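Just so we're clear, the structure is a prediction, and the values are computed from it rather than from any experiment. Both ligands and their constituent atoms are indexed starting at 1 by order of listing.
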Amino acid sequence: MRAVVIGAGLAGVSAAYYLHQAGVEVTVIDRQPAPARETSHANGAMLTPSLADPWNSPGVFGQLLKNLGRSDAAMLLRLGQIPRLTRWGLSFLYHSNRSRFEASYLANAALARLSQALLAQLLEETGIDIEFSAGGILKLFEDPTSLEKAVEVAHWLKQTGVNHRVLTVDELVRLEPALQPGASRLAGAVHFPDDQVGNARLYCERLSVWLADRGVDFRFSEQVLGFEVRANTVQAVDTPRGRLDADKVLLAAGSFTPKLARQIGFRVPVAPAKGYSVTLSTAPVSPRYPVVDDVLHAAVVPLGDRLRVAGTAEFAGYDERVRRKRIDNLVRLLNRVYPQISLDGLEMESWAGLRPMSADGRPLVGQAGPENLFLNTGHGALGWTHACACGQLVAGLMLGHEPTKDVAPFLASR
Ligand SMILES: Cc1cc2nc3c(=O)[nH]c(=O)nc-3n(C[C@H](O)[C@H](O)[C@H](O)COP(=O)(O)OP(=O)(O)OC[C@H]3O[C@@H](n4cnc5c(N)ncnc54)[C@H](O)[C@@H]3O)c2cc1C
């Protein structure tokens, strides 16, 4: 079987790995000159079953309305986007109902745990170094009510095997002394010990090299322009270099997947949600744990010898500009968590990426549109956390395996 994978980000490269392991002849096409040059490039680096909640939590509508046009908001909807988001937006709101939200949260957390186990196997098999570290993340809270609510949720999440430990401020500072200077504002924290960190860009780059050495054909700087579809089957993928025959085609083009699908005549309920990161090339503090700020939907993450602040969401369509005010929010968070840091003279790399956000907060995996076309997208804020599990699931479906009960919540045909 010959499979063409469109996209060399986390979704495409992971699927390519599992297809290759199953003996499939794989070609990966990407318009960029290297893997992970779009949303998988400088993300928050966290593998987090504990943060598997979809962003359309109950009450999200009011929150979005309140934040309209506020550039310091964690989740910002730009006014001009409202007409473009109508259909997706209604579905996003429909799924913010408590029972649907909770069902998606549990399914996502279970998928995240599966993905962690698969990543461990993949790292052992390939031997690639991705700046991986385990030990968990810390969620900090400034007011006792938010802490109490978070503890309730953490207890509830335990049913998926996600462990946690509630920490007083003293216990927190003992665990992470770098937090001492900013600790007076805190009410407490929750430690999720099973969460992990890894560099998503290195994963894509190094796994691609490993796969290329074993015969997977990577074609970079090549844009997919369209498809030849006959008898409800994609016969070939068209690029400026010509046509590429395929038995199976996987769309893993991130936020651009809906645009490609539309060319074939079907809809993919995914919208771009822009997020930002700032990476400090030499870390002025050396924390051990990523620190998550619940209010800002952002995190400060130690990554190798660097420190990255990543997060926030902005519904601004396909506008990929890095906006100064949004970056300032992340820098403010860094200063709040680590007030001892002086930013003068520090080298900072600012970045923005478009998260492919599904309307119901779960990834979309499996057949869609023509019968030999498959999707691996819609991972939103969890594309790294879910990368291996979704790669394995979609590869299985492309090979014709019957979908198991575990895949049902994620099937693209749902
Ligand atoms: C600020 C931020 C922080 C994040 N933090 C985390 C985190 O801590 N943990 C986590 O789990 N997730 C996180 N995420 C989410 C995660 O990064 C994404 O879900 C993931 O990168 C999506 O991967 P992808 O492969 O679907 O998309 P992409 O990485 O965008 O890959 C799609 C690829 O398709 C290619 N492409 C598109 N159209 C075409 C075409 N026509 N022809 C050829 N190639 C094409 C693109 O060039 C691109 O390389 C974060 C995201 C952001 C923005």
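- Heavy atoms of Arg37 come nearer than 4.0 angstrom to ligand 1 in no pair at all.
- Atoms of ligand 1 lying under 4.0 Å from at least one heavy atom of Thr385, given by number and element, are 9 (N), 10 (C), 11 (O).
- Close contacts of ligand 1 with Tyr276, meaning ligand atoms under 4.0 Å from a residue heavy atom, involve 1 (C).
- Aromatic ring orientation, Phe315 versus Trp88: tilted (interplanar angle from 30° to 60°).
- Scanning all protein heavy atoms for the shortest distance to atom 26 (O) of ligand 1 gives Gly254 CA, 3.5 Å.
- Given atom 23 (O) of ligand 1, the protein heavy atom at minimum distance is Ser40 OG, 3.3 Å.
- The closest approach between a heavy atom of Thr377 and any atom of ligand 1 is not below 4.0 Å.
- Between the side chain of Gln21 and the backbone N or O of Val24, no donor-acceptor pair lies under 3.5 Å.
- Checked against a 3.5 angstrom limit, the closest N/O atoms of Leu354 and ligand 1 fall outside it.
- For atom 12 (N) of ligand 1, the nearest protein heavy atom (residue, atom name, distance) is Ala381 O, 3.0 Å.
- Taking any N or O of Trp384, backbone or side chain, at least one lies under 3.5 Å from an N or O belonging to ligand 1.
- Looking only at heavy atoms of the protein, atom 17 (O) of ligand 1 is closest to Asn43 ND2, 2.9 Å.
- Asp30 OD1, 2.7 Å is the protein heavy atom nearest to atom 47 (O) of ligand 1.
- Counting heavy atoms closer than 4.0 Å to ligand 1, residue Ser277 contributes nothing at all.
- Between Arg336 and Asp293, at least one side-chain nitrogen of the basic residue sits less than 4.0 Å from a carboxylate oxygen of the acidic one, meeting the salt-bridge criterion.
- Residue Met46 has at least one heavy-atom neighbour below 4.0 Å for each of these atoms of ligand 1: 7 (C), 8 (O), 9 (N), 10 (C), 11 (O).
- Taking the ring axis of Phe192 as reference, the NZ or CZ atom of Arg165 does not stay both within 45° of it and closer than 6.0 Å to the ring centre.
- For a threshold of 3.5 Å applied to N or O pairs, the pair formed by His379 and ligand 1 contains no separation below that value.
- For ligand 1, one of its N or O atoms has an N or O atom of Arg31 under 3.5 Å away.
- Here Tyr105 and Trp156 bring their ring centres to under 6.0 angstrom of each other.
- At most 12 non-hydrogen atoms from other residues, nucleotides or ligands lie less than 6.0 angstrom from CD of Glu124.
- Looking at ligand 1, you'll find an N or O of Gly380 within less than 3.5 Å of one of its N or O atoms.
- Atoms of ligand 1 lying under 4.0 Å from any heavy atom of Gly353, numbered from 1 in the order shown and given with element: 53 (C).
- Between Ala11 and ligand 1, at least one pair of N/O atoms sits closer than 3.5 Å.
- Within the listing of ligand 1, atoms 7 (C), 8 (O) sit less than 4.0 angstrom from a heavy atom of Ala45.
- A salt bridge is defined here as a Lys NZ or Arg NE, NH1 or NH2 lying under 4.0 Å from an Asp or Glu carboxylate O, and Glu228 with Arg243 meets this definition.
- A side-chain donor-acceptor contact under 3.5 Å links Arg308 and Thr279.
- Which parts of ligand 1 touch Phe256 is read off a 4.0 Å heavy-atom cut-off, strictly below it: atoms 37 (C), 38 (N).
- In this structure, Asp194 contributes its side chain and Gly136 its backbone to no donor-acceptor pair below 3.5 Å.
- Contacts between Pro35 and ligand 1 below 4.0 angstrom, taking non-hydrogen atoms only, are absent altogether.
- Within 6.0 Å of the CZ atom in Arg87, the count of heavy atoms belonging to other residues, nucleotides or ligands does not exceed 12.
- Ranking the protein heavy atoms by distance from atom 2 (C) of ligand 1 puts Arg355 NH2, 3.7 Å first.
- Considering backbone and side-chain atoms alike, Ile6 places every N or O at 3.5 Å or more from each N or O of ligand 1.
- Annotation: Glu142, atom CD; neighbour count of heavy atoms from other residues, nucleotides and ligands within 6.0 Å is above 12.
- Note: no N/O pair closer than 3.5 Å links His386 and ligand 1 by distance alone.
- For atom 3 (C) of ligand 1, the nearest non-hydrogen atom of the protein is Gly44 N, 3.4 Å.
- The residues Glu222 and Arg219 are annotated as salt-bridged, a charged nitrogen and a carboxylate oxygen being separated by less than 4.0 angstrom.
- Residue-ligand proximity, Glu222 to ligand 1, at heavy-atom distances under 4.0 Å covers atoms 43 (C).
- Taking the six-membered ring where tryptophan is involved, the planes of Tyr318 and Phe256 are tilted, since the angle between them lies from 30° to 60°.
- Checked against Tyr276 for a side chain to side chain donor-acceptor pair (under 3.5 Å), the options Glu314, Arg326, Arg323 give a single hit: Glu314.
- The Gly9 neighbourhood of ligand 1 comprises atoms 25 (O), 29 (O), 31 (O), with distances under 4.0 Å to a heavy atom of that residue.
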Requested in this report: Step by step, work out the side-chain hydrogen bond (donor to acceptor under 3.5 Å, both in side chains) result for Ser104 and Arg362.
Outcome: CA-CA 6 Å; Ser104 293; Arg362 282 174 269 135; 2.9 Å; yes

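- Polar contact with ligand 1: present for Leu10 (N/O pair, distance under 3.5 Å).
- A salt bridge is absent between Arg332 and Asp328: the closest approach of a Lys/Arg side-chain nitrogen to an acidic carboxylate oxygen does not fall below 4.0 angstrom.
- Residue Val224 has at least one N or O atom closer than 3.5 Å to an N or O atom of ligand 1.
- Between Tyr94 and Arg100, some side-chain heavy-atom pair lies under the 4.5 Å cut-off.
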